[in-house]
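Working notes, structure below.
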Amino acid sequence: TIALQHGAHRTGNRTDADMARWRSLRFGQFIHWGLYAIPGGEWNGKTYNGAAEWIRSWKEMPHEEYDKLYRQFNPVNFNPQQWAAQAKSMGAKYMIITTKHHDGFCLWPSKYSKYTIAATPWKKDLLGPMIDAYNKAGIDVHLYFSIIDWNHPDYRASLKNAADSAAGKRFQLFVKNQLAELLQRYPTIKGFWFDGTWDDSWKNDGAFSDELEQYLQSLHPGLVMGSRLRADEKGARHFDSNGRLMGDYEQGWERKLPATIEDVHGNDWEAVMTVPENQWGYHAKWTGHVKTVNEILEMLVKSVSLNGNFVLNFGPKADGTFRTEEQQLAAGIGQWMKVNGEAVYNGTYAGFEKQDWGYYIRKAGTDSVYMVVFNIPVSGSLRVKLPARTELTGASMLLGNTTLTPEWIGRNEYFLHLPGKTTDSPVVILLKTVTGENKDKGNFEKAK
Ligand SMILES: C[C@@H]1N[C@@H](C(=O)NCc2ccccc2)[C@H](O)[C@@H]1O
């Protein structure tokens, strides 16, 4: 291994209570809200085909035009209690809010910038009421913070000369001050979700990102911060130059999921997902595929089955309301979570061989294993193959609490016969297992 000062400082996952809590929540809501919701992907009668929150970088959007938008930001229909109620009924257990996206606009009245909510017709802090409402609804809040800041005069993508280096130093102090300010103003938040850390100016100062992470932990012990914050002194990101994960969980799964348990290397991880192909901020015209409730549920369940968290993104409009598609998704997901959420919360990798019908999820530290079925075979029979020395002692469908009698088909294999083959949402079966000495017979009827 290479001697590193600013690589990973820990091997293996965090085992403290704050991290165990984050791990147990499994399902989060991302909220991308800011000035970009005003144009909503359109300007001067033209439609921006990129991600709505990147519209300032579009050649059809003059910087000075975008930089005046704050003068009309006035979310008169913003109702944080309603936002929190919607998230709660969806079954989200934590929420990540954009405090400042790449455009540098702050949703809180920061004393380190003029480009904040205080300069808008709305004037008032948006983060405080949001954090209070979500916490009152029993939902943890994490703060998204972009290092890239297109508004700040000292931001540099790369440092080419002494003047750049001086600006870079001022900018690093600005970042440190804003983050300390956020922790001081919002002491109940549980973590930071850093973004915009791919430019050379950041990548080439691993020492700063390492010291910043340690500084934030000193201010707020237990803070959860992912792998996107840091670089090591060789410029390696997420994984240091010895291949060890930096930060508390792998945070690279943006609009993509790992395929197998091997892909996550035993690390805690989180995936963040958009409803359309690639829109985080509000875009008036969603084009291309818009994910359905069942598609989102499969991503959530697959993530949990692979020991990860899944975060679904919402992009509120400039007035503070959510578009119909997002309201309907929240309701549909919540309907399923009400009955089946026990398979998601505290869910972990079961250690069973993956089957075609769907996913296994083990309730952390127990013998309870859930089967979440997305693909019912034409036979109607679900094959359950248990690891050696594991026996099936019971099976029941959560919906209607229907008992299923497993048919033993040899060694550690059973069939579960579903009563019906049609369903319009995933079927959850709770397996009771026992792991003991090598038993070669089930205690259910033998195969005929
Ligand atoms: C969570 C999302 N990250 C922002 C972004 O700029 N993504 C571009 C990106 C794409 C792939 C790897 C890293 C970064 C998007 O605007 C969202 O905020």
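Just so it is clear, the structure is predicted and the values come from calculations on it, not from any experiment. Read the numbers this way: they start at 1 and go in the same order the structure lists the ligands and their atoms.
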Problem set entry | Any donor-acceptor N or O pair under 3.5 Å, side chains Gln5, Asp210 | no

Problem set entry | Carboxylate-amine/guanidinium proximity below 4.0 Å for Arg14 and Asp16 | yes

Exercise. For the ring pair Trp269 and Tyr249, is the centre-to-centre distance below 6.0 Å?
Worked result: no

Problem set entry | Top protein contact for atom 16 (O) of ligand 1, by heavy-atom distance | Glu53 OE2, 2.7 Å

Problem set entry | Shortest reach to atom 14 (C) of ligand 1 by a heavy atom, considering only Trp198, Trp54, Tyr144 | Trp198

Exercise. What protein heavy atom sits nearest atom 4 (C) of ligand 1, and how far off is it?
Worked result: Asp195 OD2, 3.0 Å

For this session: Have a look at Gln251, Glu254, Arg237, His102 and point out the one with the heavy atom closest to atom 9 (C) of ligand 1.
Result: Glu254

For this session: Compute the minimum heavy-atom distance from Arg255 to ligand 1 and say whether it is under 4.0 Å.
Result: no

Problem set entry | side chain to side chain donor-acceptor pair (under 3.5 Å) partner of Lys100, chosen from Thr116, Asn151, Asp149 | Asp149

Exercise. Does His101 reach ligand 1 with a nitrogen or oxygen that is under 3.5 Å from one of the ligand's nitrogen or oxygen atoms?
Worked result: yes

For this session: Measure up the Trp22 and Tyr94 rings against each other and bin them: parallel (under 30°), tilted (30 to 60°), perpendicular (over 60°).
Result: tilted

